[in-house]
Structures are given as C-alpha cells and as structure tokens.
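Notes follow the structure.
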Amino acid sequence: MEYIFELEMQVRDYECDMEGIVNNAIYQHYLEHTRHEFLASSGISFIEMHERGVDPVVNRIEINYKTPLRSRDTFISKLYMRREGIKYVFYQDIYKTSGETCIKAVVETVCTVNGRISRGEEFLPYFEKYLQ
C-alpha cells in the first residue's frame, strides 16, 4: 500500500457529539472531501463531468473506527486506489497528526453516464498512473 494523496484538516467544534468526539457520520464527509480534492488535483472537474452526464457515485462504504478525533484535533486523510472490474476502490485512512490511526475505510465507487452504469473508462486517462 502506497498512499497517492494526502490532505490535512482540522476538526471543527460543531462536528462533535455530546461525548466530545467527532460524530461517526462526519467521517464520511472527511472521506468525501479528500476524494474530491484528489480528483481536482488529478485534473477532474466534478461540475464539468456532471455537465457531460458523467457522475462517479459511491456504491459501498466500510469504515472501521479506531481512535476518535476531538474538537480542534488536526489530522491527515490519506488514500490510495485500485480498479476492480467496473469499480474504482478507494482505500482511505485518517490519522491524527500525532500518528494514531482514527479510521480505516474502503469506498467502492462506480461511474454512471447519463444515468446508466458504465465501465468507468471515462476516468482511466486521469487514474492510469495510479493504477499500475
């Protein structure tokens, strides 16, 4: 496993629940934001692709929670990816900047073109260098 993208972020107060830790659902926002920033860094514009009828969508997410984040914690969200058939699978991990593992996630995505599932070739020019 070799990470191909990293993004540093900080927990905001309103993302925490009554226990003072980041609410479990918020981690999905962190994962999605990381994927979107990765796509942008790879030259993919979500808006332009959508206007052409091409939409990547999440098919399945598995998250294993390890150590909670708390308000004002800084953390690094990292990812690498593989292609499995028509799916692009993102392996995403979040670490506190101190090095503790917060979550390990697997996010399966598929591509739709004009509302129909495609084989995902639309993304190959952008992802080829990461899939070898």
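Heads up: numbering here begins at 1 and tracks the sequence.
Here Lys129 contributes atom NZ and Ser42 contributes atom OG; the two are 6.0 Å apart, rounded to the nearest 0.5 Å. Here Leu31 contributes atom CG and Arg35 contributes atom CZ; the two are 6.0 Å apart, rounded to the nearest 0.5 Å.
The environment of CG in Leu124 is crowded: more than 12 heavy-atom neighbours from other residues, nucleotides or ligands sit within 6.0 Å. By the neighbour-count criterion of 12 heavy atoms within 6.0 Å, atom CD of Glu8 is densely surrounded, having more than that number from other residues, nucleotides or ligands. Atom NZ of Lys87 has 12 or fewer heavy atoms from other residues, nucleotides or ligands within 6.0 Å. Atom CD of Glu19 has 12 or fewer heavy atoms from other residues, nucleotides or ligands within 6.0 Å.
By the rule that hydrophobic residues join a cluster once side-chain heavy atoms approach within less than 4.5 Å of another member, Ile26 and Val107 end up as members of one cluster. Leu131 and Ile86 fall into different hydrophobic clusters, where Ile, Leu, Val, Met, Phe, Trp and Tyr are joined by side-chain heavy atoms under 4.5 Å apart, directly or via other members. No continuous path of hydrophobic side-chain contacts links Val110 to Leu39 [ILVMFWY only; heavy atoms under 4.5 Å]. Side-chain heavy atoms closer than 4.5 Å link hydrophobic residues (I, L, V, M, F, W, Y) into clusters, and following such links, possibly through other members, connects Val113 to Phe46.
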Sequence neighbours excluded and cut-off under 3.5 Å, please list the side-chain donor-acceptor pairs for residues 52-60, or say none.
from: Asp55; atom 1: OD1; to: His50; atom 2: ND1; distance (Å): 2.7
from: Asp55; atom 1: OD2; to: His50; atom 2: ND1; distance (Å): 3.3

Only distances under 3.5 Å count here; give the side-chain donor-acceptor pairs of residues 61-77 to other protein atoms, sequence neighbours excluded, each with its distance to 0.1 Å.
from: Tyr65; atom 1: OH; to: Asn24; atom 2: O; distance (Å): 3.1
from: Thr67; atom 1: OG1; to: Thr101; atom 2: O; distance (Å): 3.1
from: Ser71; atom 1: OG; to: Asp13; atom 2: OD1; distance (Å): 2.2
from: Asp73; atom 1: OD2; to: Arg70; atom 2: N; distance (Å): 2.7
from: Thr74; atom 1: OG1; to: Thr97; atom 2: OG1; distance (Å): 3.0
from: Ser77; atom 1: OG; to: Thr34; atom 2: OG1; distance (Å): 2.6

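Between Ile44 and Met49, the closest side-chain pair of non-hydrogen atoms falls below 4.5 Å. Looking at heavy atoms from C-beta onward, Phe127 lies in side-chain contact with Met81 at the 4.5 angstrom threshold. Side-chain contact between Arg83 and Phe123: absent, with no pair of heavy atoms (C-beta onward) separated by less than 4.5 Å. Side-chain contact between Val89 and Thr109 is absent, with no heavy atoms from C-beta onward closer than 4.5 Å.
No side-chain donor-acceptor contact under 3.5 Å links Gln92 to the backbone of Ala105.
Defined by atom type and a distance below 3.5 Å, a donor-acceptor pair is present between the side-chain atoms of Tyr30 and Glu15. In the model, Ser118 has a side-chain atom that pairs as donor or acceptor with a side-chain atom of Glu122 under 3.5 Å.
When ring centroids are compared, Phe38 and Tyr3 stay outside the 6.0 Å threshold.
Listed here is the closest heavy atom pair of Ala25 and His29: O-CD2, 3.6 Å.
Salt-bridge annotation for Asp93 and Lys78: absent, with no side-chain N of the basic residue lying under 4.0 Å from a carboxylate O of the acidic one.
In this structure, Tyr80 and Tyr91 have parallel ring planes: the angle between them is below the 30° cut-off, well short of the 60° mark.
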